[in-house]
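Have a look at the structure below before the remarks.
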Amino acid sequence: MISISRCCFLNNVGISGSCSPITYKQRRLLPTSVRVLASGPNRDRNGSLLTESTLKETRQDVASVHQVDSKTTVSDGVHDVYEEDAATEEQLVTPWTYSVASGYSLLRDPHHNKGLAFNEKERDAHYLRGLLPPTVISQELQVKKLMHMLRGYQVPLQKYMAMMDFQETNERLFYKLLIDNVEELLPVVYTPTVGEACQKYGSIFLRPQGLFISLKEKGKILEVLRNWPEKNIQVIVVTDGERILGLGDLGCQGMGIPIGKLSLYTALGGVRPSACLPITIDVGTNNEWLLNDEFYIGLRQRRATGQEYAELLHEFMTAVKKNYGEKVLIQFEDFANHNAFDLLEKYGTTHLVFNDDIQGTASVVLAGVVAALKLVGGNLADHKFLFLGAGEAGTGIAGLIALEISKQTNMPLEEARKRIWLVDSKGLIVKSRLESLQHFKKPWAHDHEPIKELVDAVNGIKPTVLIGTSGVGRTFTKEVVEAMAALNKKPVIFALSNPTSQSECTAEEAYTWSKGRAIFASGSPFDPVEYDGKVFVPGQANNAYIFPGFGLGLIMSGTIRVHDDMLLAASEALAAQVTQENFDKGLIYPPFKNIRKISAQIAAKVAAKAYDLGLATCLPQPKDLVKHAEKCMYNPAYRSYR
Ligand SMILES: O=C([O-])CC(=O)C(=O)O
Ligand SMILES: [Mg+2]
């Protein structure tokens, strides 16, 4: 086996430039325990922001990170960091070499394999003669062939498995396929199919694509992180599998979600695949069916809770920061409510954390509501919102809408919240229930008599916007939609629960029961619907519009904390991407086919906000942040290997 110079392969268009990643040696210069900020998290239980004093302290952390950065004289961040890491402690303690295989091994290396696209010269230079059939084809033709193959499969899960296989065989081809056919393939690698894949993950599992950290690894998490072959990690998506989409506790099999989300980080947001790390934390499962399934891949025990859970998570959070530094983004995904809010609150002031279900969903829905108002009329403050579901998504969206109303009108947050009502499994959230409510529901307990049924809440509250985040399918019944349509000329109805089976109603139901008057969006995709001779195209209010661009913005600016104003900036950037042509078709989200352009816009606005707030460490600030975002984005076109 001949090793090929690293330069030709690792010189990705990564997120580097003047803001180079911190190397292990430099990381050692960082204060060993980065200061815990003096007071509250970036959003306390009442939804207030980082205070001026905590912001000031966070800015001091920014200064210390930047001081280390500015000592680095790195021409090509990605490449040189690898050099340096290899030459220091990593090479001493890990068993790998950084050389890249040639010949047969090259064809089996997904990061560098090009299959039939290796040209004649490359076949000679890299010992590939005879290992491939004689024809040489372009990457475009390879994409065409794979699409032909995928379209031949009838069952969505077969398509999912084929896509995972492509990712494991030829990474660049996988991403080109996904980027060039995003509207067709998103439902395959993401909701709804990824939900079924997680349910059956044990049966279809062939090769691990992420890190599994279970209770067995307690005390060794730092070592486990170091077993992952990539060193320059910029985004981690982590789940504990307790609330996978609206499907409930899938334990260790929730791994499909971090893998799917990170594929979108690369395809939609342009973050290098090698900088993405999917992680599942396995503390057991309470899913009896899985515990008795012979193919289940996780720990066969009931979920650890309380101190045992908190200690494992704390070890994980500490190890991540120690191994990857201050600027690694940790995205929490599909944790159950009780842990999701606590983790965000606990680590929001010490780590770069983002909860996609609370914050990403909030940002995408606010954008959709703002866009819908162009069709419905009025300002946000003129509207009344009713939610079915008061968990992460429900209270997250409610909080961001209230914040935006308060910013737009200068009205106190408390006053803005009065326009927003939530219904949970026990009925309308009202003052008389205050004592028994979980902390994240308390801000939404307003004065009203108790109401049990959703339809009665609709008739009692008279909302203009109805948002479903319940995780329970078919809860927007004919009666509910008809009540909305009786109250509003153009009722705004969002059925956000995923996957399709958990959607509060289908697009067809929303349009039919409202007699074609609903402005409708859903979390999982629905096909266009024909009603009364007119075609209605439903919007997909999924956080996939936000998190890839949001993450890119944080990474390219070296931001070290997430702030709610960045969520508002992302939301505004997304709403601004809806064109008149989209509105004319009744659309409140831009088409996914433009998503990379949209992500660059979101990234630029998020980064700009981070610079304004003094939370960015990549200095100086680039002049044109949109161009900078586009330049940072991973391009899956093959490289030529000389
Ligand atoms: O994964 C998705 O499609 C959206 C999401 O975060 C969830 O439903 O938990
Ligand atoms: Mg989620």
Side-chain angles (χ1 to χ4, degrees), residues 156 160 182-183 185-199 201 235-250 253-265 267-269 278-281 330-337 339-341 343-344 353-365 367-368 387-389 391-397 400 467-473 475 494-504 521-526 538-551 567 570 574 589 592 595:
Y160 176 89
V182 66
E183 287 184 321
L185 296 181
L186 213 52
V188 176
V189 298
Y190 195 59
T191 186
T193 312
V194 72
E196 186 185 355
C198 290
Q199 289 173 310
Y201 207 74
V235 195
I236 289 171
V237 176
V238 60
T239 188
D240 72 354
E242 191 168 2
R243 197 277 294 147
I244 293 299
L245 307 177
L247 299 171
D249 183 352
L250 298 183
Q253 303 198 161
M255 181 54 116
I257 294 292
I259 291 168
K261 293 272 174 186
L262 285 164
S263 302
L264 304 200
Y265 256 106
L268 315 191
I279 297 185
T280 291
I281 299 200
I330 304 170
Q331 175 164 320
F332 294 121
E333 196 69 55
D334 292 8
F335 283 74
N337 288 331
N339 290 321
F341 289 104
L343 288 170
L344 191 59
V353 290
F354 167 68
N355 185 302
D356 191 32
D357 303 297
I358 301 173
Q359 299 172 301
T361 306
S363 187
V364 77
V365 173
F387 287 77
L388 177 65
E392 293 157 64
T395 60
I397 302 163
L400 205 64
I467 300 178
T469 60
S470 61
V472 187
T475 35
F494 283 25
L496 297 179
S497 295
N498 297 312
T500 320
S501 59
Q502 309 310 108
S503 188
E504 283 77 7
S522 54
S524 294
F526 281 106
Q540 191 180 350
N542 191 293
N543 48 32
Y545 272 113
I546 292 288
F547 71 79
F550 190 82
L567 299 173
L574 176 57
Y589 288 100
F592 261 115
I595 187 67

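Numbering of ligands and ligand atoms starts at 1, following listing order. When a residue number appears, it is its place in the shown sequence, counting from 1.
Summary of contacts: the protein heavy atom closest to atom 2 (C) of ligand 1 is Tyr190 OH, 3.3 Å. The protein atom (non-hydrogen) at minimum distance from atom 4 (C) of ligand 1 is Asn498 ND2, 3.3 Å.
At a 4.0 Å heavy-atom cut-off, ligand 1 does not touch Gln502 at all. With a 4.0 Å cut-off on non-hydrogen atoms, Asp334 touches ligand 1 through its side chain and not its backbone. Of the heavy atoms in Asn542, only side-chain atoms (C-beta onward) come closer than 4.0 Å to ligand 1. Residue-level proximity to ligand 1 for Thr361 is absent, since no heavy atom of it falls below 4.0 angstrom.
Of the N or O atoms in Thr191, none lie within a sub-3.5 Å distance of an N or O in ligand 1.
Per-residue contacts place Lys261 under 4.0 angstrom from the following atoms of ligand 1 (heavy atoms of the residue considered): 1 (O), 2 (C), 4 (C), 5 (C), 6 (O). Of all atoms in ligand 1, listed by their number and element, those nearer than 4.0 Å to a heavy atom of Glu333 are 6 (O).
Taking the six-membered ring for Trp and the full ring otherwise, the centers of Phe341 and Phe335 sit at least 6.0 Å from each other.
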Would Ser363 and Leu400 count as a side chain to side chain contact (heavy atoms under 4.5 Å, CB included) if you check the C-alpha gap in whole Å, the side-chain angles of each, and the deciding distance to 0.1 Å? CA-CA 7 Å; Ser363 187; Leu400 205 64; 4.3 Å; yes

Intermediate values then yes/no, side-chain hydrogen bond (donor to acceptor under 3.5 Å, both in side chains), Ser503 and Ser524: CA-CA 7 Å; Ser503 188; Ser524 294; over 6 Å; no

Could you go through Ser497 and Glu504, starting from their C-alpha distance and side-chain angles, then the distance that decides it, and tell me whether this counts as side-chain hydrogen bond (donor to acceptor under 3.5 Å, both in side chains)? CA-CA 7 Å; Ser497 295; Glu504 283 77 7; 2.6 Å; yes

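Within the protein, the N, O or S atoms sitting under 2.8 Å from the Mg ion (ligand 2) are Glu333 OE2, Asp334 OD1, Asp357 OD1.
Glu196 and Tyr160 share no donor-acceptor pair across their side chains, judged by distance under 3.5 Å alone.
Gln502 pairs in a side chain to side chain contact (heavy atoms under 4.5 Å, CB included) with only one of the listed residues (Val472, Leu245, Leu247, Thr191), which is Leu247.
Closest approach of Leu262 and Pro278 over heavy atoms only: CD1-N, 3.2 Å. Annotation for Ala570 and Phe550: closest pair CB-CD1, 3.9 Å, computed over non-hydrogen atoms.
Between Gln199 and Ile244 the shortest side-chain heavy-atom distance does not fall below 4.5 Å.
Contacts of Ala521 classified as side chain to side chain contact (heavy atoms under 4.5 Å, CB included), with partners at least two apart in sequence or in another chain: Phe494, Ala541, Ile588, Tyr589.
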